[in-house]
Amino acid sequence: MQIKTTWQGFREGVSFALPLQLGIFPWGLTFGLVASQLALTAPQSIGMSAVVFSGTAQMVILEFWRMPLAWIPLSLAVFSINARYLLQGATLAPWLKQVRPIHRAALLWPMVDVSWATSLERFKRNQAQSEPADFGFMHGMQIVCFSSWVLSTSAGALLPLQGLDMKKWGLDIAISAVLIALFAGNFRWRSPLGKRLPWRHWQWSWPLALLFAWLSREAFGGHWYVIVGGGVAAALAAISATSGAEPKEEGSAS
Amino acid sequence: MTSPNLDTSSAWAVIAAMGFLAGAIRLSGPWLAQFIPQSGFVRRWIELLPDHLLIALMMPVFLSPDWRIQVAAVAAFMIRAVGGSALLAMSIAVAVLATLRTM
């Protein structure tokens, strides 16, 4: 696989990420507000956003913010929330193994769900078209997301904001909507009566991912549902595919 | 929360430790991937993983007890499926959800 890192890709990543801050910024504001109410200083709130860079994990850390500190439960909780990044990073390995470790670290450390999903889709599309994957795009996206997260936390911690209600404006679905849209792009409808119809590309294991994720959340709580739901369903599909029980599907992201 | 707050050194120790943990997790994926056999079932599993991880990530939205969130999620899906951009899908979903919540 060919790779490159360009300023054009960087600008495209920045352009793509900027509107997404509609969904990210309010969360950072909320975190900064909640943290200040727990007597974290502004530098502590901002510092946490800068080094942890994970909204859900940071909220969980606040839940443990008292003496004596429960290190092991806290670490397990943060690990479970972020464990999906292990698998996400593994899916990028074919491209990342071609770059130097420090460049790889610069790409992976600020990775979030939307930058992973968007970049992976682009890399696969580049591969299908025999074009090099442009890491500049991923850098651009992540710099915007990181900057927005830290700035919004700062605003929440420093400004006298009260009664912020992102649900009133529907902003709580912004990031999820982007992830849904990335997945929906697999179907590639061309017209209502076009050649590619969605049910032709339906992977039988996709509803299983939903089901297993739901069961996992009901049984174990926390955020293991992403790994359990996605991992188990993908494993079943892989078993079926490698046993020759079904033809290779078309129209998926791969 | 009324329990004694963390002192300054403890607070920064927690922040540093959790930052290290979060960073280590993010950096470990490709490192672990090199120990994964690149053939047969495992390779196919890795290829299928992105779609299934995405779906699992979306589970709280599609199975939300709030029907308005489900409607907004379907709207995002449909906009993209008929050729709209991901950003348009996001904007429509946000607008749909905000509108439904005012009703």
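Note that these values count all heavy atoms, side chains included, but never hydrogens, waters or copies made by symmetry. Quantities reported herein were computed from a predicted structural model and do not represent experimental measurements. Throughout, a chain's letter reflects where its sequence line sits, starting with A, and its residues are numbered from 1.
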Counting heavy-atom pairs under 4.5 Å with chain B, which one of [options] comes out on top?
options	value
A:F212, A:Y225, A:F53	A:Y225
A:G229, A:A93, A:A235	A:A235
A:T41, A:L92, A:L87	A:L87
A:S75, A:A50, A:P110	A:S75

Please find the pair of heavy atoms, one from [X] and one from [Y], that lie closest to each other, and give the distance.
X	Y	result
A:R217	B:P60	NH1-CB, 3.9 Å
A:W65	B:A11	CZ2-CB, 3.5 Å
B:L49	A:G231	CD1-CA, 3.9 Å
A:A105	B:L27	CA-CD2, 3.5 Å
B:A89	A:A181	CB-CB, 3.8 Å
B:A22	A:V52	CB-O, 3.9 Å

Among [options], which has the most heavy-atom pairs under 4.5 Å with chain A?
options	answer
B:A24, B:A75, B:A73	B:A73
B:L57, B:L21, B:V96, B:L63	B:L57
B:I15, B:L97, B:I79	B:I15

Sort [X] into side chain, backbone, both or neither according to what part of it lies under 4.5 angstrom from a heavy atom of chain B.
X	value
A:S205	both
A:A57	neither
A:F16	both
A:I61	side chain
A:L120	side chain
A:S216	neither
A:P101	neither
A:L20	both
A:A83	backbone

Gap separating the [atom1] atom of [X] from the [atom2] atom of [Y], nearest 0.5 angstrom:
X	Y	atom1	atom2	value
A:L108	B:S28	CG	OG	9.0 Å
A:I239	B:W45	CD1	CH2	11.5 Å
A:Q44	B:L6	CD	CG	8.0 Å
B:W31	A:R104	CH2	CZ	12.5 Å
A:D113	B:M58	CG	CE	11.5 Å
B:M90	A:L179	CE	CG	11.5 Å

Min side-chain heavy-atom separation B:M18-A:S54 under 4.5 Å: no
Heavy-atom check, side chain of A:I180 versus side chain of B:F62, under 4.5 Å: yes
Is it the side chain or the backbone of [X] that comes within 4.5 Å of chain A heavy atoms, both, or neither?
X	result
B:S85	neither
B:I55	both
B:V14	both
B:I25	both

B:F41, CZ: over 12 other non-hydrogen atoms inside 6.0 angstrom: yes
Short side-chain to backbone donor-acceptor contact, B:R26 and A:M111, under 3.5 Å: yes
Test side chain to side chain contact (heavy atoms under 4.5 Å, CB included) applied to B:V94 and A:L22, step by step: CA-CA 10 Å; B:V94 168; A:L22 278 175; over 6 Å; no
